[in-house]
Protein chains: 2
Amino acid sequence: MADLRGGDLSRLRQLNSLTAIRALRRAGPLTLSALAERTGLSRPSMKEVTAELMELGWVEEVPPSPGTMGRPARRYRFRADSGHLVGVDIGGHNIRAALSDLDGEILAETRQPVSPDDPLEDRLAAIERAVSGCLALSRTTVDDLWTVAVGTIGVIDPEGRVVYSAAVPAWRDLDLAAELRRMFPCQVLIENDSRLAARAEHRRGVAKGARDVVFLHVGRRMGAGLIIGGKVHRGFGAASGEIVMLPEARWFHAPEHLNTCVSVPDGTPPEDAAGYTLAAARNGDPAALEAVERYVDDLAVGTAAMVLILDPEMVVLGGGFSRSADVLLDPLRRRLERSCMRMPEVRASTLGDECVVVGAIDYAVDHLDDQLFTPDSGPLPVTR
Amino acid sequence: MADLRGGDLSRLRQLNSLTAIRALRRAGPLTLSALAERTGLSRPSMKEVTAELMELGWVEEVPPSPGTMGRPARRYRFRADSGHLVGVDIGGHNIRAALSDLDGEILAETRQPVSPDDPLEDRLAAIERAVSGCLALSRTTVDDLWTVAVGTIGVIDPEGRVVYSAAVPAWRDLDLAAELRRMFPCQVLIENDSRLAARAEHRRGVAKGARDVVFLHVGRRMGAGLIIGGKVHRGFGAASGEIVMLPEARWFHAPEHLNTCVSVPDGTPPEDAAGYTLAAARNGDPAALEAVERYVDDLAVGTAAMVLILDPEMVVLGGGFSRSADVLLDPLRRRLERSCMRMPEVRASTLGDECVVVGAIDYAVDHLDDQLFTPDSGPLPVTR
DNA sequence: TCGACTTACGAAGGAGCCCTTCATTACTAG
DNA sequence: CTAGTAATGAAGGGCTCCTTCGTAAGTCGA
């Protein structure tokens with residue numbers, strides 16, 4: 001709770017530097033006066049702060065904006081291009097990668113199809129291909145990368161080792177962090193994909209600004225990500241959100257209702273069955289509608305558990321099936337209304353399939369922020 | 001997430017004052033040097049801070065401790081006696097009250113038996129009697145009270161209105177905060193009892209210092225309190241922890257296994273039946289042991305849901321039945337080991353029946369801290 | 001009882017950070 | 001070209017913190 005460390009003058013300056021960087025990251029190029037006003041500091045102080053940040057390479061000057069009254073003010077911006085971040089979504093059937101600048105602005109994206117049964121080497125090679133594709137698209141090199149953040153299904157321990165993965169056999173017990181560190185000469189972060197998706201939805205999606213959010217990551221596999229107190233909740237062993245493991249919560253087998261619907265034509269590849277059922281339900285197919293009902297019945301049990309336990313502001317339906325949110329949302333709301341103490345908002349994800357990659361980028365950005373913004377290590381690191 | 005306000009010199013001083021108060025509250029009387037060391041400030045600076053705090057009445061000098069080498073250092077302490085706090089536990093069958101100083105040190109306690117069927121006026125009168133009993137015991141008056149914090153079963157909305165109460169019929173839809181404010185001319189706080197118990201266990205009980213804790217409030221009624229990120233989690237509508245409302249979690253009817261055990265002699269008052277069963281189980285009575293098994297089976301389902309969702313560091317078994325933790329803990333651990341991804345520590349409450357009152361006191365202390373320690377309102381208020 | 005030792009006190013001087021103020025500079029509008 | 005506007009840069013002052021040093025008030029041992 002309490003750190004008992006008092007403040008120093010230099011800490012004050014640090015704090016103000018960080019505040020300035022934040023303001024610049026948030027609002028693009030700013031003049032000294034604008035910065036001063038936003039941060040509440042005086043202009044001369046702001047000037048010193050800015051000079052220091054320029055010295056350190058975090059901030060650079062841009063040409064003044066023309067056409068204004070009076071003497072043109074110098075403008076400064078955060079050097080988002082002094083490095084790059086990569087986010088990777090390692091799914092069962094696809095590996096997606098995205099490259100962004102230090103502000104999280106996405107500059108390139110790629111996708112590599114894989115199969116759940118691929119041997120380990122093939123998967124790792126696909127990751128490398130996906131990332132180098134991004135690098136090529138944006139004409140950067142691997143040396144420009146500051147951070148690679150990876151999201152994957154399964155439970156990842158705090159050190160980046162895969163503890164459990166039902167979906168990808170080759171994944172189990174893999175020291176994924178070590179493999180990736182071998183691949184990329186920069187910081188590597190690993191996180192559960194549902195938590196990344198929740199993060200993305202909270203930073204730039206439908207749950208922006210909400211304090212407590214339950215994110216349902218529904219697709220061929222089920223998962224959940226929690227935002228509590230405005231922060232992603234990982235849990236003590238990084239295993240939060242695994243309600244799917246509890247039989248009574250009825251999540252594990254829930255997708256089968258969609259897969260085994262009689263409306264699905266014979267010969268449909270198994271990975272497309274659920275999508276077919278959902279589409280059929282949208283068109284009013286009675287058997288499909290009934291399958292969706294049964295699916296939502298199950299989905300609602302685990303969801304109600306989370307809602308009753310956490311009393312969140314909002315429940316976000318995301319993941320592969322959220323494309324069919326129009327079919328799922330209303331039944332889900334009806335079920336939840338029956339069991340919940342206080343009904344939360346129930347909304348569909350706005351990021352869709354991208355949510356995990358985007359969340360990985362956001363994770364990298366946040367991690368960078370943490371490094372910048374809690375510099376117990378002393379002054380800001382020099383970049384250039 | 002980010003407040004974009006830069007720091008001022010005065011803010012630095014404020015921060016240091018607050019740090020000093022914290023250190024004093026935590027570690028009792030301290031000398032200037034000790035304070036300086038703890039806070040990282042220099043002694044001269046600490047001296048100025050202390051002088052200011054004495055001026056404002058927050059801190060006072062105590063006689064130096066004798067028998068030390070060198071010149072005796074002046075010692076200072078937080079003036080915990082400049083006001084008093086009251087905690088109240090409104091249960092179905094008992095109303096407990098405790099009075100403490102501003103540090104949360106308990107000075108007096110009282111108890112008033114009530115019945116769940118008592119009319120509203122009787123209950124409110126009992127509350128008043130319990131509190132004035134404390135005041136009399138500690139020779140204080142109601143004017144000395146800074147805060148009254150109340151814990152009660154049921155769901156309380158953020159404004160202090162009782163939304164739902166299965167246990168106490170007269171409680172429903174009551175504006176409890178308003179009633180209590182009429183009774184006590186000071187700040188009144190209302191909170192769910194399970195959350196208060198969790199708070200107590202986290203501040204001074206078995207879960208001290210843990211970051212994420214699931215507190216099981218088991219007794220004739222079931223409840224849960226969550227500590228997430230070192231803070232009590234209330235939820236958006238102050239309705240967190242209500243897993244008991246979910247039939248699939250099997251909490252609601254769980255205590256019946258203990259009440260209906262065949263070993264309980266006829267004529268045992270219903271409120272003592274569970275206690276009898278637990279005692280019999282401790283003595284090896286087979287029917288009682290079986291009832292306990294069934295009880296724990298149910299208890300474990302809801303608990304596993306919370307553990308899987310949150311991945312806490314620790315599960316604390318508290319509430320009335322925690323007196324029989326020796327009978328319950330091992331079976332509970334065995335059940336949880338089967339269903340949990342990562343097994344948390346499972347421990348018994350150390351505060352027992354007192355946990356809610358104590359938690360109420362702690363809530364009042366924390367609330368005071370918040371007022372002191374986030375003084376956006378400006379300088380510290382003067383006391384005296 | 002007295003000196004040596006230990007530890008805290010209090011005052012002085014200095015550095016860092018922020019603020020306000022004001023003359024100066026650069027650009028636009030007419 | 002002049003008036004008006006708005007940013008710039010430098011000077012001066014206040015607050016908070018730090019280090020340093022001589023002084024004060026105890027304990028310990030002879």
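In the text below, chain A, chain B and the rest are named by the order of the sequence lines, each starting its count at 1. Hydrogens, waters and symmetry mates are skipped; everything else that's a heavy atom, side chains included, is used. In this text, all values refer to a predicted model and were calculated from it rather than measured experimentally.
- We find that B:R211 and B:E313 are not joined by a salt bridge, their nearest charged nitrogen and carboxylate oxygen being 4.0 Å or further apart.
- The side chain of B:K47 approaches C:dG10 more closely than any other nucleotide in the set D:dC18, C:dC9, C:dG10.
- Applying side chain to side chain donor-acceptor pair (under 3.5 Å) to B:D362 and the options B:H367, B:R199, B:R204 leaves one that passes, B:R204.
- Backbone-only engagement by A:S33 is indicated by non-hydrogen atom pairs under 4.0 Å involving sugar-phosphate atoms exclusively.
- By the 4.5 Å heavy-atom criterion applied to side chains, B:L351 and B:E201 are counted as neighbours.
- Judged by distance alone, with hydrogens and angles left aside, the side-chain atoms of B:S240 form a donor-acceptor pair with the main-chain N or O of B:R234 at under 3.5 Å.
- For the pair A:L53 CG and C:dC17 P, the interatomic distance rounds to 13 Å; values are reported in whole Å.
- Side-chain atoms of B:L41 lie closest to D:dC17 of the nucleotides C:dC17, D:dC17, C:dA29.
- Look at A:N16 and you'll find a side-chain N or O under 4.0 angstrom from OP1 or OP2 of C:dC18.
- Rounded to an integer number of Å, the gap from CG of B:L15 to P of C:dC18 is 15 Å.
- For A:R71 against C:dT25, a side-chain N or O and a base N or O form a donor-acceptor pair under 3.5 Å.
- In terms of position on DNA chain C, the residue among A:P72 and B:R75 whose nearest nucleotide sits closer to the 5' end is B:R75.
- If you measure from atom CE of B:M46 to atom P of C:dA11, you get 18 Å, rounded to the nearest angstrom.
- At whole-Å resolution of the value, CD in A:E37 and P in D:dA6 are 13 Å apart.
- Distance CG (A:D8) to C1' (C:dA15): 11 Å, rounded to an integer number of Å.
- Straight-line distance from the CG atom of A:L9 to the C1' atom of D:dC18: 9 Å, rounded to whole Å.
- Mapping A:S45 and A:G70 onto DNA chain C by nearest heavy atom places A:S45 at the nucleotide closer to the 5' end.
- Ring orientation note: the planes of A:W146 and A:W58 are nearly perpendicular, at an angle over 60° on the 30°/60° scale.
- The side chain of A:R74 has D:dG9 as its nearest neighbour among D:dG9, D:dT27, D:dA7.
- For A:R43, a side-chain nitrogen or oxygen approaches OP1 or OP2 of D:dT8 to under 4.0 Å.
- Spacing between atom OH of B:Y76 and atom C1' of C:dA8 amounts to 11 Å, rounded to whole angstrom units.
- Comparing D:dA6, C:dT20, D:dC17 by their closest approach to the side chain of A:M69 singles out D:dA6.
- The nucleotide whose nearest atom lies closest to any side-chain atom of B:P44 is, among D:dC17, D:dT19, C:dC17, D:dT19.
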